Amino acid sequence: MKFRKMITYMLFLAFFLLSGMELSRKWMVSLERDTASVRYVRSLEIETVQKKEKKKIDYSSLLNANKMSKDG
Amino acid sequence: MRRQIIERTAAWGSLLVLALAWTMGGARVQEDDAARIGNISPEIVSVTPLGKDMFQGEKQPKRQGEPGAPVYIAQATRPGYGGPLGVAVTVGENKIIGQVAILHSTDTATYLDKVVGEGILDKFPGSRLDNLPNVDAVSGATLSSNAIIGGIHEAAARIGQARFGMPAPPPPVRASEKELVKLAAVLLLFASVLTLWNKRVRQVRKRARTGLMVVSTLVLGVWLGTQFSLSSLTLLMSGVWTRGVASYAALLCLVLAILVFLITRKNLYCATLCPFGAVQEGLGRITGCSPPPRHSWIVWTSRIFALIAISAALYFRNPADAVYEPFGMAFNLIGSDLLFALTILIVIGSLVVKRPWCRLFCPVTCFFDYLGFFRNGWARFRKRKTRAMKEVS
């Protein structure tokens with residue numbers, strides 16, 4: 001097989017595989033997207049919930065640290 | 001003769017497949033905006049329409065027995081890159097924005113991910129209706145960004161006007177200066193191509209073609225990022241463009257390319273104006289390589305691949321689902337990692353064989369092959385009819 005012919009076949013195969021993977025990715029997203037679903041919601045509540053969760057973790061670690069320092 | 005029968009069957013069969021995909025897609029889409037709006041937040045219940053694009057809901061009370069606080073929801077639709085883009089805004093009695101959401105969009109997911117990733121939506125929740133933040137568009141995804149920002153401002157102003165007596169939302173700007181420049185550039189380039197293929201300029205055609213390819217690459221590719229792709233074709237076929245798109249330049253490019261093809265019987269767009277084709281040809285000229293062999297199985301595989309892509313995009317009513325060409329990646333560096341790999345491969349491949357993407361896998365080439373089949377069929381039909389008329393007379 002000639003070098004150019006071999007390169008052509010390899011390029012074609014690579015184009016086919018890469019394009020096929022790209023399309024299948026997009027179709028999976030479209031399949032999952034229901035007509036009633038909403039994408040990319042940004043909410044005020046989500047932020048406040050995240051902040052509250054962070055505070056809880058800080059308190060417990062501080063208490064443990066205090067106890068440790070008293071014991072030591 | 002056998003080949004002709006196969007081609008004819010395939011051509012009409014693919015028309016049938018496309019029609020089927022389009023019909024099935026239409027049945028699948030249910031534009032139920034109230035259902036979408038009800039899904040914005042599980043905390044908002046009892047959503048009822050108040051008027052056109054306006055809804056009212058109740059925020060679930062923290063304790064049982066307490067009345068729920070009213071929440072006003074408005075939606076607005078602005079033309080995005082690939083068609084209409086709908087956003088919704090929720091506002092409480094305190095005039096503060098609670099949620100913003102993208103309800104529906106046909107823009108390429110990579111562009112939307114980029115815009116949302118840059119935090120455009122995050123800037124709105126918590127801001128007052130009378131003091132909305134000034135948010136800049138994300139570079140490289142300007143049309144999607146502007147559609148989202150404009151839609152949020154419009155929806156917020158709609159609630160402000162209806163519930164709090166604020167001034168009416170300003171009318172959306174129809175065409176920007178850049179959009180007009182794009183349309184003018186496309187028209188000028190196609191006019192130049194037609195002039196170039198006039199018999200009188202045959203002597204300078206080779207040099208002029210090279211010059212036009214350079215100009216087209218710089219103007220359509222690098223500067224304006226306007227190049228029609230399979231998504232433009234799907235956009236045209238699905239009819240989504242009738243509901244408004246942010247840029248009509250790619251569609252105009254497609255329509256003019258078809259017209260030029262039908263008039264001159266030559267695919268002059270691919271040969272002269274396609275920026276990606278021009279880049280491949282330029283790279284090929286460095287090494288002086290020749291075109292790759294185009295076997296019939298290669299041709300038919302790429303045709304079937306393009307048909308599947310268009311059918312899926314018509315079914316999902318999302319032109320972006322048909323895109324596997326690396327045009328956006330080549331000139332704007334926007335796209336997935338797979339498209340990046342594809343672009344690199346084409347660039348390297350162009351040094352070994354002439355125009356590898358155009359010759360082996362480009363769906364635009366397949367589209368013009370398809371168009372050529374019907375044009376030739378029509379020409380044969382007219383010839384036969386004329387001959388029959390002559391025989392009768």
Side-chain angles (χ1 to χ4, degrees), chain A residues 1-70, chain B residues 28-32 35-41 43 88 90 96-105 108-109 112 116 121-122 124-126 289-290 292-293 298 301-302 305 308-309 312 315-316 318 320-325 335-336 338-339 341-342 345-346 349 352-353 356-357 359-361:
Chain A
M1 196 185 279
K2 279 183 185 176
F3 173 72
R4 270 187 69 258
K5 219 173 187 177
M6 206 169 74
I7 289 286
T8 303
Y9 292 159
M10 279 166 66
L11 278 174
F12 178 76
L13 190 70
F15 291 168
F16 182 85
L17 289 175
L18 287 170
S19 304
M21 281 158 73
E22 172 71 15
L23 279 184
S24 59
R25 257 191 205 178
K26 286 183 175 171
W27 296 343
M28 289 309 282
V29 173
S30 283
L31 275 173
E32 284 167 12
R33 196 169 52 214
D34 186 52
T35 43
S37 72
V38 179
R39 300 168 75 191
Y40 306 116
V41 180
R42 288 297 183 274
S43 172
L44 205 56
E45 280 82 18
I46 291 169
E47 283 173 17
T48 48
V49 167
Q50 280 171 347
K51 276 175 194 169
K52 276 178 191 171
E53 278 174 357
K54 269 185 186 174
K55 275 181 186 173
K56 273 182 190 173
I57 295 162
D58 285 345
Y59 280 129
S60 59
S61 61
L62 274 171
L63 280 170
N64 282 337
N66 272 341
K67 211 178 177 184
M68 291 268 283
S69 63
K70 276 178 188 174
Chain B
R28 181 184 161 275
V29 174
Q30 293 160 10
E31 301 269 40
D32 193 357
R36 283 202 189 106
I37 278 167
N39 273 7
I40 292 175
S41 168
E43 288 190 355
T90 75
I96 289 176
I97 292 181
Q99 280 105 355
V100 287
I102 296 176
L103 291 180
H104 56 85
S105 160
T108 312
L112 272 186
V116 177
L121 292 179
D122 301 301
F124 290 98
C289 55
S290 51
I298 289 181
T301 310
S302 59
F305 199 91
I308 293 170
Y315 175 71
F316 290 122
N318 190 353
D321 279 351
V323 177
Y324 58 91
E325 309 103 309
S336 65
L338 289 170
L339 287 183
L342 191 61
L345 199 71
I346 295 167
V352 187
V353 285
W357 178 255
R359 299 271 307 172
L360 299 176
F361 216 67

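Just so we're on the same page: letters track the sequence lines, and every chain starts at 1. Keep in mind that this is a model prediction, so the values were computed, not measured.
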(message) Shorter than 4.5 Å, heavy atoms on both sides: which option in Ser302(B), Pro293(B), Gly335(B) has the most such pairs with chain A?
(response)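 Ranked by heavy-atom pairs under 4.5 Å with chain A, first place is Pro293(B).
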(request) Report the option among Ala88(B), Pro292(B), Cys289(B) that has the most heavy-atom pairs separated by less than 4.5 Å from atoms of chain A. (result)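 Top count of heavy-atom pairs under 4.5 Å with chain A: Pro292(B).
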(request) Report yes if some heavy atom in the side chain of Val323(B) is under 4.5 Å from a heavy atom in the side chain of Lys26(A); otherwise report no. (result)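 The answer is yes, as the side chains (C-beta and beyond) meet within the 4.5 Å cut-off.
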(request) Check whether Ser290(B) gets within reach of chain A through its side chain, its backbone, both or neither, counting any heavy atom under 4.5 Å. (result)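 Ser290(B) touches chain A through backbone and side-chain heavy atoms alike.
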(message) Quick check on Ile308(B) against chain A: is it the side chain, the backbone, both or neither that has a heavy atom closer than 4.5 Å?
(response)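 Ile308(B) touches chain A through backbone and side-chain heavy atoms alike.
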(request) Apply salt bridge (charged side-chain N to carboxylate O under 4.0 Å, His left out) to Arg25(A) and list each qualifying residue two or more places apart in sequence or on a separate chain. (result)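 Arg25(A): salt bridge (charged side-chain N to carboxylate O under 4.0 Å, His left out) contacts with Asp337(B).
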(request) Fit a plane to each ring of Phe361(B) and Phe15(A), take the angle between them on a 0 to 90° scale, and name the class: parallel (under 30°), tilted (30 to 60°) or perpendicular (over 60°). (result)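 Tilted, since the angle between the ring planes falls between 30° and 60°.
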(request) Apply side-chain contact (heavy atoms from CB on, under 4.5 Å) to the pair Ser105(B) and Leu112(B), showing each step before the final yes or no. (result) CA-CA 9 Å; Ser105(B) 160; Leu112(B) 272 186; 3.4 Å; yes
